[in-house]
Amino acid sequence: MRRQDIPLLALARQGDLAARCEVGRRYLLGVDGFPQHLGTGLEHLRQAARQDAGRAARVLAECMPLHDLLQAGERPMLERAAAHGSAIAQMRLAVVKFGLGGDESEAGAGDAWIWLQRAAAGHAGAERVLDAAWAASRSQRLSAMLAAAAREDRIDAQAVALWAAMQSQAAGRFDALASALAAAVALHPADAPWPEDLAKGFVALLQGSDAARRSWPPVPADALRHALELRAAAGDQGAMSLLGRALAGLPAGGVPAAVFEGQHNVRKGAAWLLRAADAGDGEAWLHLYRLHADHRLSVANPQMARFFLEKAAQVGLAEAQRKLGALLLKGAADVAESEQAIAWLHAAAAQNDAHARALLRTLVLPVGGTDAEAAWALSMVQEHDVGLAARLALARAFGLTKLEALSVDPAEGLRTWGLVVGRNPFVVQARLSAPRAVPALDAAAQQVAERAATLFTQIPAGGDLRVRSLRQRRLFERLGLSEAVFFADASASVLDTLRLGPKWAHRTRAPLSLALAA
């Protein structure tokens with residue numbers, strides 16, 4: 001710093017407005033004996049803004065590089081300087097508004113054009129920027145404006161485009177994000193490496209398109225592919241998932257089909273999906289299942305497919321839980337396997353999976369009568385036999401036969417997803433005494449089972465089945481009640497289909513096919 005500049009700096013430190021503005025200008029530009037130091041210059045002008053906001057804003061807006069001004073969060077100062085008549089600030093503000101999509105979709109459409117026209121009226125450079133904007137097509141307008149502004153002013157065109165992209169991403173405005181990213185690619189030097197923010201922006205655009213299930217304004221296909229590869233190599237979970245799906249030929253949301261046309265590689269795609277799944281992307285497990293379960297593909301492997309489906313179910317995906325439950329139930333050979341299958345179907349149904357609910361309904365036998373009739377009958381039985389009333393409520397809620405209802409141990413059979421009717425020791429025939437797993441179709445049924453279990457932990461559930469059956473029949477005759485209101489009517493063959501997976505699968509072919517295909 002020159003000796004003659006020391007008094008000026010002292011005045012600025014003492015609070016002189018003109019000195020603060022001049023010192024701020026010199027630091028921003030690095031002229032007249034002052035080294036360029038944007039932070040110091042900005043601080044002087046912020047102090048000056050407390051005395052005269054318009055004057056300080058004008059110096060800041062005209063002297064600080066635009067991308068640095070925006071990164072410092074000083075867009076309000078730029079707007080203030082434009083409002084005070086600075087042509088350079090007006091041109092810069094117009095460029096910023098175009099970058100944020102203001103000419104087409106921001107509130108007050110056309111505001112960007114107005115600022116640019118005002119600037120052009122008093123600034124030859126702004127007039128040339130306006131001409132470039134008029135001459136360019138809509139898809140190339142932003143890059144043409146930024147390139148023209150860079151020739152007229154201290155603007156890092158690509159940095160401004162990236163700033164606009166990040167702002168649009170944060171606001172969830174993916175149409176403006178696409179436009180800003182396309183401009184950043186057009187302004188990028190041919191042989192220079194990509195900035196990290198550029199690749200991140202493209203991945204964010206694709207993920208936003210995937211989540212919204214819609215397409216955004218087109219961007220270069222090679223740019224999208226390059227961005228996905230860069231971010232995937234850097235360990236970006238979203239990029240790895242999108243890249244894997246696109247390479248494997250699976251729907252990849254916002255990734256246009258043309259981006260990977262002729263470049264599909266299922267094995268490479270599966271490898272990226274595996275990395276995404278390992279990084280915590282639960283959906284990737286389900287995509288891996290689809291690939292390995294498809295016998296037409298080179299990666300087909302039933303054992304691996306089953307493993308991937310189990311992983312997807314464990315992370316809570318309803319589709320995976322439903323498919324895993326359906327496959328387990330289809331092959332269930334005993335009650336333990338049925339329990340495991342029903343637990344998965346119940347988990348999917350709890351997430352409002354309609355197909356899982358449909359499969360669970362096939363495991364519950366129908367019971368006659370209305371709920372009002374059942375409630376009245378239960379109130380009558382409750383006065384004479386509390387244990388029998390609990391068994392009757394359980395039978396109606398779970399579609400149990402008379403034999404099952406009178407022999408089940410609710411405390412031992414209670415499960416988080418329903419009820420297991422254990423093997424009946426009073427029946428000799430194996431087909432009639434075999435255990436059966438029955439799901440709770442709703443929360444009310446589960447509450448019935450829990451109340452019964454609580455009751456039968458306090459009173460014995462055992463005893464002679466014949467004595468219990470005789471007491472029930474006599475009580476029904478005395479009260480004039482119908483057994484059809486509480487007990488399901490099913491033959492031994494029908495019960496067999498509910499106990500053995502292959503028989504159940506044959507009986508419920510249509511809903512099972514829908515559940516596995518959906």
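Using cut-offs of 30° and 60° on the angle between ring planes, the pair F307 and W285 is perpendicular.
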Kindly indicate, with the supporting measurements, whether the criterion side chain to side chain contact (heavy atoms under 4.5 Å, CB included) is fulfilled by L329 and W344. CA-CA 10 Å; L329 195 57; W344 285 119; over 6 Å; no

Determine whether Q458 and T454 satisfy the following criterion, side chain to side chain contact (heavy atoms under 4.5 Å, CB included), listing intermediate values before the conclusion. CA-CA 7 Å; Q458 302 169 2; T454 301; 4.1 Å; yes

Stepwise side chain to side chain contact (heavy atoms under 4.5 Å, CB included) test for L309 and L286: CA-CA 6 Å; L309 185 60; L286 196 52; 4.2 Å; yes

Side chain to side chain contact (heavy atoms under 4.5 Å, CB included) for L243 and F260? Distances and angles first, verdict last. CA-CA 9 Å; L243 180 60; F260 285 89; 3.5 Å; yes

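Within the 4.5 Å cutoff, no side-chain heavy atoms of L363 are placed close to those of V438. The shortest distance between side-chain heavy atoms of L365 and L495 falls below 4.5 Å. The shortest side-chain heavy-atom distance between L465 and L403 falls under the 4.5 Å cut-off. Looking at R391 and Q472, their side chains never come closer than 4.5 Å, going by heavy atoms from C-beta outward. Taking the side chain as every heavy atom from C-beta outward, L394 and P410 approach each other to under 4.5 Å. In this structure the side chain of D281 never reaches within 4.5 angstrom of the side chain of M240, judged on heavy atoms. Looking at heavy atoms from C-beta onward, R507 lies out of side-chain contact with K503 at the 4.5 angstrom threshold. In this structure, L345 and W417 have side chains that are not in contact, with every pair of non-hydrogen atoms separated by 4.5 Å or more.
Listed for the R290 side chain is no donor-acceptor partner under 3.5 Å among the backbone atoms of L250. No donor-acceptor pair closer than 3.5 Å links the side chain of Q140 to the backbone N or O of A136. Remark: the backbone N or O of E373 is paired with a side-chain donor or acceptor of T370 at under 3.5 angstrom. Side chain of R267 to main chain of S298: a donor-acceptor pair is present (N/O by atom type, distance under 3.5 Å, no hydrogens or angles). One N or O on the side chain of S379 and one on the backbone of W376 form a donor-acceptor pair closer than 3.5 Å. Looking at H226, its side chain never comes within 3.5 Å of a backbone N or O of D222 through a donor-acceptor pair. Formation of a donor-acceptor pair under 3.5 Å by the Q158 side chain with backbone atoms of P189 is not found in this model. R173 places a side-chain N or O within donor-acceptor distance of the main-chain N or O of L100, the cut-off being under 3.5 Å. Looking only at distances, a side-chain donor or acceptor of R499 sits under 3.5 Å from a matching main-chain atom of A434. The closest donor-acceptor contact from the side chain of H506 to the backbone of P502 lies at 3.5 Å or more, if one exists at all.
Across L177 and A165, no two heavy atoms sit closer than the pair CD1-O, 3.2 Å. Taking every heavy atom of both residues into account, L328 and A341 meet most closely at CB-CB, 3.6 Å. For the residue pair A445 and F398, the shortest heavy atom distance occurs at O-CE1, 3.4 Å. Smallest separation of non-hydrogen atoms from L273 and A284: O-CB, 3.5 Å. Residues A437 and S338 share a closest heavy-atom pair of CB-CB, 4.3 Å. Shown here for A356 and A349, the closest heavy-atom pair between the two residues is CB-N, 3.8 Å.
For NZ of K330, the number of neighbouring non-hydrogen atoms (other residues, nucleotides, ligands) closer than 6.0 Å is 12 at most. In H264, the NE2 atom is crowded: over 12 heavy atoms of neighbouring residues, nucleotides or ligands sit closer than 6.0 Å.
Atom CD of E310 sits about 5.5 Å away from atom CG of L324, to the nearest 0.5 Å. One finds the CD atom of Q446 at 11.0 Å from the CG atom of L441 (value rounded to the nearest 0.5 Å). Atom NE2 of residue H188 and atom CH2 of residue W194 lie 7.5 Å apart, to the nearest 0.5 angstrom. Separation of atoms CG (L242) and CG (L247) is listed at 11.0 Å; rounding is to 0.5 Å. Note that CG of D175 and CG of L205 are 9.5 Å apart. Values are rounded to the nearest 0.5 Å. Distance check, rounded to the nearest 0.5 Å: NE2 of H346 to CD of Q321 gives 11.0 Å.
Annotation: salt bridge (charged side-chain N to carboxylate O under 4.0 Å, His left out) contacts involving residues 436-459, sequence neighbours excluded, comprise E404-R436.
Between E483 and the options K402, R473, R396, a salt bridge (charged side-chain N to carboxylate O under 4.0 Å, His left out) holds for only K402.
Between R245 and E283, none of the side-chain N atoms (NZ, or NE/NH1/NH2) sits under 4.0 Å from a carboxylate O, so this pair counts as no salt bridge.
Residues that satisfy the salt bridge (charged side-chain N to carboxylate O under 4.0 Å, His left out) test with D334, not counting sequence neighbours, are absent from this structure.
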